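Got a structure for you, questions after.
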Amino acid sequence: MAPYSPPTGGRTGKLRLDFNENTVGASPRVIEALRKHLTGEQLSIYPEYGAAKERFAEFFGVEPDDFVLTNGTDEAIQVLINTYIDDGDEVIMLQPSYAMYKFYAELAGATIREIPYRREKLAFPLEELVDAIGPQTKAVLISNPNNPTGTGTTRANLEKILDAAMNAAVLVDEAYYEFSGVTALGLINDRPNLFVSRTFSKVYGMAAMRLGCLFSQSGNVEFLHKAQSPYSVNTAATIAALAAIADRGYVEQYVGEALAAREVLYVGLEKLGIPYYESQANFVLFEAGKRAIPIRDELRARGVLVRDRSYEIAGCVRVTVGTRSQMRHFLSELEAIW
Ligand SMILES: Cc1ncc(COP(=O)(O)O)c(C=O)c1O
């Protein structure tokens, strides 16, 4: 296996439009809560999750037994695969999609089947995916909306996948849910093969904290617990996340700003004559042709970070949507080198 080594070095102080993070940072109330509650005594105690789980359950509209807290979505993917996948089992994922699906599936020795996104508008390949699923399929891993395409699918289409994959654990990774508003979480009670993940890394601005949630029916959650370390989520992460969910206004305001900024980005790219793919998330793929890597490097030299994706979608570069002023800054730097 190739190690997964994201280019995370030397990012501080630059305009970070490369990892789909919140570009203005976590709510000030999160920092306040950490200062207040992160005492020497707290640090000396192994994490306790009971009270926090009650509050998260209320916030997400589920029961405390319907989810596990995870060390980011990455651990949610790992725990799901470790719980349900044995050597040689078939795991289906889309291509391109979030790299860690393949990483953990490979690590588990799974037989991986990848279904390509449609070339046209990078649309969700529903029929192709449903056709590929068979009784031998043990897991289906979907990101909705998808990274890096930005495209998503509907809840009705997810139901078709759940119908087809009765023998499989179906993960719907909703890392960018807040930007799309489409969720499968409400289907948990009726769908025993459904797993939904959420993260505090993106809109909540807490990527460094490493906190996610993996939801499913409580019977499945009991199995997930068997494959998870009892203390993989640290106390600081739960303190921070409790403050974050209490400050709904901050996240709503950021989502509104990012959606407005995405329009600014679209208009700017159109003015420059640069083709792009419409996105349901806080990032956009645009076509730089043969110059994808030089464009990334020239932007970096100007203090603006973006991600090259040309190795998986020819000529494409991915830019995270931040605020409107950050998008204007990005566009002016792009115009200068285009
Ligand atoms: C689709 C998707 N899922 C999960 C993650 C990672 O989330 P976390 O920081 O919660 O591990 C990312 C990060 O880029 C992502 O794009």
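Treat the numbers as computed from the prediction; the structure is a model and nothing was measured. One-based numbering, in listed order, for ligands and for the atoms of each.
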*asked:* Which residue and atom name correspond to the protein heavy atom nearest atom 14 (O) of ligand 1, and how close is it?
replied: Lys202 NZ, 2.9 Å
*For Arg113 and Ala132, which heavy atoms make the closest approach, and how far apart are they?*
NH1-O, 3.2 Å
*Quick one: closest heavy-atom pair of Tyr117 and Leu122, and the distance?*
CD2-O, 3.3 Å
_Contact (N/O only, under 3.5 Å) between Tyr101 and ligand 1_ = no
*If you take all heavy atoms of Asn193 and Ala165, which pair is closest and at what distance?*
ND2-O, 2.9 Å
*Considering only protein heavy atoms, which is closest to atom 2 (C) of ligand 1, and at what distance to one decimal place?*
Asp173 OD2, 3.4 Å
*Looking only at protein heavy atoms, identify the closest one to atom 6 (C) of ligand 1 and say how far it is in Å.*
Tyr98 OH, 3.3 Å
*What are the atoms of ligand 1, with element, lying closer than 4.0 Å to any heavy atom of Tyr176?*
1 (C), 12 (C), 13 (C), 14 (O), 15 (C), 16 (O)
*Record the part of Asn147 in heavy-atom contact with ligand 1 below 4.0 Å; permitted values are side chain, backbone, both and neither.*
side chain
*Over-ring placement of Arg198 relative to Tyr177, 6.0 Å and 45° cut-offs*: yes
*Give the residue, atom name and distance (to 0.1 Å) of the protein heavy atom nearest atom 7 (O) of ligand 1.*
Thr73 OG1, 3.4 Å
*Provide the closest heavy-atom pair for Ala244 versus Met206 in the form atom of the first, atom of the second, distance.*
CB-SD, 4.0 Å
*With under 30° as parallel and over 60° as perpendicular, where do the rings of Phe67 and Phe56 fit, or are they tilted in between?*
perpendicular
*Please could you name the atoms of ligand 1 that Ser143 approaches to less than 4.0 Å, counting only its heavy atoms?*
1 (C)
*Do Arg29 and Tyr250 meet the cation-pi criteria used here (NZ or CZ under 6.0 Å from the six-membered ring centre, within 45° of the axis)?*
no
*How close does the nearest protein non-hydrogen atom get to atom 10 (O) of ligand 1, and which residue and atom is it?*
Thr199 OG1, 2.5 Å
_Under 4.0 Å from a heavy atom of Gly72: which atoms of ligand 1 are those, numbered in the order shown and with their elements?_
10 (O), 11 (O)
_Tell me which pairs pass salt bridge (Lys or Arg N to Asp or Glu O under 4.0 Å) where either residue lies in residues 225-238, with sequence neighbours left out._
none
*So is Phe200 in contact with ligand 1, going by heavy-atom distances below 4.0 Å?*
no
*Is it the side chain, the backbone, both or neither of Met100 that has a heavy atom closer than 4.0 Å to ligand 1?*
neither
_Other residues, nucleotides and ligands only: do more than 12 of their heavy atoms fall within 6.0 Å of CD on Glu58?_
no
*Go through ligand 1 atom by atom and flag the ones less than 4.0 Å from a non-hydrogen atom of Ala175.*
2 (C), 3 (N)
*For Arg210, atoms of ligand 1 separated by under 4.0 Å from a heavy atom*: 8 (P), 9 (O), 11 (O)
